[in-house]
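Proteins come first, then strands; the chains are lettered A, B, ... in the order of their sequence lines, and each starts at number 1.
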Amino acid sequence: MKPRFASIMRPVLALVAGMTLAAAPARAVEPAVLAEARATAYAAQYDSVEALVAAHEQLAALSAANPDSPLLHYWVAYSDYRLIPRMMMRDKKQADRYCDDGVKHMDQAIAADPKNAEYIALKSGVMGLSIMVAPMRGMTVGNEIGDLQNQARALAPDNPRVALMEGINTMNKPGFVGGGAKKALPQLERAIALFAKAAPSDSTAIDWGYDDAYTWAGRAAAKLDKPAEARGYYQKALEINPQNGWVRYGLLPALDKAEKKEKS
Amino acid sequence: MKSALVIVAALLVAATTAHAARITGLVVDGAGKPVELANVRVAALRTGAVTGTDGSFSLELPDGVFTLEVSQLGYHAVSLAVTSAPGLAPLRIVLREEPLPVSEVVVAASSFGKAGKSEGPTLRRLDVYTTPGGAADMLQSLRTMPGINAPTEGAALYVRGGDPHETVVRIDGGEIGHPYHYEGASGGLFSTLDTYMLKSAFFSSGGFSARYGGALSGVLDVETQDPMNIRTVSVGANFTGGGVSAGWALVPDRLSLVAAVRASDITLLDKMYGSSREFMQAPRSTDGAARLLWKYAPTGRLSLLYLGARDRIAVSAHQLNYEGTFTSRTSSQLGALQWQQALGRAVALRGHLALQHYDSDWTFGASAMDQQEVRLTGQLDATWAASPRHEIATGLRFARRADDLLGTFPADSTDLAPGAPVRFHDTRPRLQNPGAYLEDKIRLWGPLYATLGARFDRVSLADTWTADPRAALAWRVDAHQTVRVATGRYHQPAEPGYLDPVYGNPSLGPLEADHWIAGYEWLGEETNVRVEAYRKRYDDLVTQSSDTYYANEGHGYARGIDMFARTRTGPWTGWVSYGFLDTRRREGDALTETPTPYGVRHSLTLVGAVQLPGMWQLGGRFGLSSGQPYTPVTGATYDSTRGIWHPVEGPHYSATMPVYHRFDFRVTRLFSLPAGLGLPASGVSVLYAEALNVFAVPNVLEYVYNEDYSAREEVLSYFSRRMIVAGFALTW
């Protein structure tokens, strides 16, 4: 009986050992590595698509070397978040892959730290972009995005990025399901107020989004036919982040063009 | 680094100079198309480049031998050694596309429901609410999908020629034998589960996985809502009833409750539009559902669902030689405990334990029945994602069913009048049906995926074991096209009514069906098209027997084609679903294979909706099905001893009812109420008006005869006149 019992128990013990190892505390990642990751993600965010792809590759390599770090998964997903809208113009299939990649990394981050509102909010943001890539998906992931944003809000009601994601989601949602610029603008203004109150951060903390809040508020104002307000928001976005290429080379010139057309 | 196919088009020419050399090349995919934005990296030098739109790259490297790493999301990465030297010929590097992991691929044919991103038609709460003519009912909306024949306006699921009993319905894992309100011999009118409770549903009309047992034709697996931190309250009403529902976080991120109660009564509708039926007591139903969800750990949760439903009806009815009142009272309760736990990153456990109690009493002339049914089911499943190309699932199922069927039935099936000779029926079968399965979902090679499985079940009364092998194969031709084939054997215990030890056969074995399915699907961003051909062979169906009352001597077949196309263009969405069915069976008292009452040859559903500015939506649904087969009465003989006429019936189901068709139109307005009266601003709320049977088509449900069967009358369906139903749902 003994050898038979041992042969039965061996895989069970291996499974238990595996589970124990899986439950072991994650090895801490050096703050310098986290700071490097954040710097890489921020440096490329308004750069060329090529630079964004290269940054994504670097961040993915860092994350692969430290798979237990939720923050490194976050920065990979953040680079996905920046890359997807740019990639959409060139290759939708590839943009879709970056959506999958972002969701996959955020799932891993959330599995490691389920109560982190930043992670949940960014996942909702990436999923929101996946609807832009494939609009039919709105029917299937729309509810899940709403659930994620409710979760994030319950965990951190005053987190400015949670408010920002909510505003962006409202802006992108069709009117018949409660979306639109009119409803989004107050949410984005609230996000701006929360950013203004946010405490200064260290070199590893997540602190992006202040200029995004002004950018999206500007977009909402422009959609509501308030060009002067939109211009004000865009200018504030550029004051906060002069590198914001979307505002400098995309949204402001578009506003100028629209105003010229109106005058003529 | 994963292995990869690398073609270096030119030999690397070594040269020895002290200067940096320019390495150039082209990155292409397996089809030779340039791969844009691929990373080309030399990790040792911390340098790299990104390919341009034509897939080309260029790098300055010092002399020497280096490892070049080439990667792009969605492709296998490649690494190759290059010797940097002036005059080096351009490199040609082929990146092979990574196939989808098995978890993302729907291998099973004839199924719809969420599975990764590769999903076909789906049914979610919003779909149910917005389907025109669906009365916001889950089962009614489901009938617009492929694989379901819809011969009348009932909610019963006639799956590819199968009787509704051949489809197992599960709610949060628990099997529910009677999911309908106003259930008759072939299903009911609408679902007992409030649509508010619905999260999503998986439905399969054949070829389904080995994890489902005890069903011959189809599976409907419903998951109820599980929001954790949402607080919403919703109230709604229309001309036929109203309800309240709520989702409430009791302990944030730990404990939440979702609940819904509703009641319906058609008295108002009858007063407004009159009725073709004479109700002694208008149909009235109530139901309620609640789910308590406890997230006890980030990787585990436990939920408890309760579903209770009641209905009653008293209506004048005419059958053969008797016209009188049919009365019915029904109650149904289901409790389901569900558990989910992830172990590490690769193993998921899921289990449930459910108890259903169903009680039904009805009387009609000389017939009366009191039916009590208790079902206890438990299942434990384990899924191990061994690798992105391999997923193994196994599970155990236990099912116990206890039925008490007490009643009186006419001794002569053609004499239903009170005072006619009757026989008493007292059947109390107890059936145990334990089983186990093992299934392997695997990527065989390249874009070829397979599911291979088998299940083993025991039917206790017949003391029989069954073995059901099942297999499905999916070939992902490209990102949009998939070809699927599936086959499998399916068993289901005989209905308890046949198992009476005196007037039945308790040793009846399980019924058997073999499925073969082949299908093609095109899934684009805005469009989904699928075509499937199928064949089912039935064996061991229940027939009448002169020796044992009933025997497993029946057989039959069902074959056909299902087609489905859904698209969206700007504000327009719509779909068309068509099913062709050819089916015959030998069962009951038939001596040969004959048509069946649920064998409707053509079923067509067209649904269209348009989104208008100002949050208005218009939608329409047109349903058409060729007539339901019935057995005609060809004459009558007079029984002078009893003074009654006996009908002479023609061949079984040899006649068909007229074509059934109906068009419904719906106007929906979404809105939000501003804050006021101490209430906050509302969430998305709905106001709707629905015109049912816009063209007032008189659809025939059945025929009734006069005393000597010389003349017949049509019995029209309840919705054989134009009706407008309006309602609202407010949500905070």
Going from CG on A:Leu83 to CG on B:Leu37, what distance comes out if it is rounded to the nearest 0.5 angstrom? 7.5 Å
Looking at chain B, which one of A:Arg153, A:His56, A:Lys92 has the largest number of heavy-atom pairs inside 4.5 Å, strictly under? A:Lys92
How long is the gap from CG on A:Asp91 to OG1 on B:Thr53, to the nearest 0.5 Å? 11.5 Å
Given a strict heavy-atom distance threshold of 4.5 Å, which part of B:Arg669 is in contact with chain A: side chain, backbone, both, or neither? neither
Residues, nucleotides or ligands: over 12 heavy atoms within 6.0 Å of A:Trp246 CH2: yes
Looking at B:Glu98 and A:Arg97, is any side-chain nitrogen of the basic one under 4.0 Å from a carboxylate oxygen of the acidic one? no
Is it true that a side-chain atom of A:Gln94 and a backbone atom of B:Leu73 form a donor plus acceptor pair closer than 3.5 Å? yes
Would the number of heavy atoms belonging to other residues, nucleotides or ligands and lying under 6.0 Å from OH of A:Tyr249 be above 12? no
CD of B:Glu69 to CD of A:Glu57, rounded to nearest 0.5 Å, is 8.0 Å
What is the minimum heavy-atom distance between A:Ala54 and B:Asn39, and which atoms define it? CA-OD1, 3.5 Å
